[in-house]
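First up is the structure itself, then whatever we jot down about it.
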Amino acid sequence: MKLSKLFIGLSLAMGLVAAASAQTTMKISISVAQNSHQGVAIDTFAKEVEKRTSGRYKIQTFYAGALGGERESIEAVQLGTQELAFSSTGPVPNFVPEAKILDIPFLFRDKAHARAVLDGPIGQDLLGKFDSKGFKALAWAENGFRHMTNSKRAVNTPEDLKGLKMRTMENPVHVAAYKGFGIITTPMAFPEVFTALQQGTVDGQENPLSVIMSAKFDQVQKYLSLTGHVYSPCIFLMNKATFEKLSAADKQAFLDAAKEGAKANRARVDTDDATGVADLRSKGMSVVENVDKSKFVAALTAVNADFEKQFGKANIDAIRNVK
Ligand code: EAX
């Protein structure tokens, strides 16, 4: 009798311990490798969430498209089959059309400009547009300025792009713009790109130095041109209902953790941009550093007129005029 009481007491105590340390596990994914600006983003986020919630939330991190490409991961977050995703905004316009404006070529002068826009009222307002689509957008982060690579020839002017078959993101603004350059566009999810380049299904692709390096595209691409034609944001997305179930303090913890992730991510992009050209040259790539950007802008005159109609000149100017 005494013994069974002891057992009941013990198991009650163990139950209490279990309740006190109850942990909710959530998943977050990226489509690129862990050793990257995006890996740093989600690793920092995971660490910060755990720290700020005293371990009540554990974030499981998945890399290199292990849970699918970016569009698939965003879909999964919208459905709630995956709690979180960190993604470039490439496929985002398919879910939140208002984000399209950020994809206009040569919209941002430099990273400081892009960061100021995203962290300022325009960017914060855009984060709010995700709410009605089943997302909580926790924070903007960065993929970087995109540059062209290919296996055929050095690209110095837009004429050199004519007839190149290039993989693009699944993004309508990019596709329209790159057609304006005379590129034969092939939209494709990121996890398929390395093989497509290797097998010659496409001649080239475009991505920030951070992605080119972490994906080892130098192994399958000879030519790199620092065209910087599009600024590519990244974003921390969470399933809206999952976010709403958090306590007020935990909501803040997730938001702050995403901000910390973005900070670490942007710092890594800066490092990659500073070291990327030398690194990729040492791996055998032939790099054109100074392209005449005005020629690339001029090649898009017709496309840009179309973008002005589509997005409103005032909205585009509001972004351009941020100091
Ligand atoms: O998020 O699809 C792309 O080219 C993206 O830039 C890449 O997956 C990094």
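Because the structure is predicted, anything quoted here is derived from the model rather than measured. Atom set for the values below is all heavy atoms of this structure, side chains included, hydrogens, waters and symmetry mates excluded. Both ligands and their constituent atoms are indexed starting at 1 by order of listing.
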Taking atom types as modelled, find out whether [X] and [Y] have a side-chain donor-acceptor pair closer than 3.5 angstrom.
X: N143; Y: Q38; answer: yes
X: Q34; Y: D43; answer: yes
X: Y63; Y: T61; answer: yes

Run the numbers for me: atoms of ligand 1, each under 4.0 Å from some heavy atom of [X], listed by number.
X: F190; answer: 2 (O), 3 (C), 4 (O), 7 (C), 8 (O)
X: Q38; answer: 1 (O), 9 (C)
X: M169; answer: 2 (O), 3 (C), 4 (O), 5 (C), 6 (O)
X: S31; answer: 8 (O)
X: V32; answer: 9 (C)

Next on the checklist: Test your reading of the model: is there a side-chain donor-acceptor pair from S247 to the backbone of D250, 3.5 Å cut-off?
Outcome noted: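 Side chain of S247 to backbone of D250, a donor-acceptor pair under 3.5 Å: yes, one is there.
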
Mark yes when over 12 heavy atoms from residues, nucleotides or ligands other than [X] sit less than 6.0 Å from its [atom1]; otherwise mark no.
X: K283; atom1: NZ; answer: yes
X: K293; atom1: NZ; answer: yes
X: K251; atom1: NZ; answer: yes

Item to check | Within-shell test, R146 vs ligand 1, heavy atom, strictly < 4.0 Å | outcome: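 So R146 counts as touching ligand 1.
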
Checklist entry - How close does the nearest protein non-hydrogen atom get to atom 5 (C) of ligand 1, and which residue and atom is it? => result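 For atom 5 (C) of ligand 1, the nearest protein heavy atom is N207 OD1, 3.6 Å.
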
Checklist entry - To the nearest 0.1 Å, how far is atom 4 (O) of ligand 1 from its closest protein heavy atom, and which atom is that? => result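 Minimum-distance protein heavy atom for atom 4 (O) of ligand 1 reads R167 NH1, 2.6 Å.
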
Checklist entry - Counting heavy atoms only, which part of N143 comes closer than 4.0 Å to ligand 1: side chain, backbone, both or neither? => result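 Answer for N143: side chain.
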
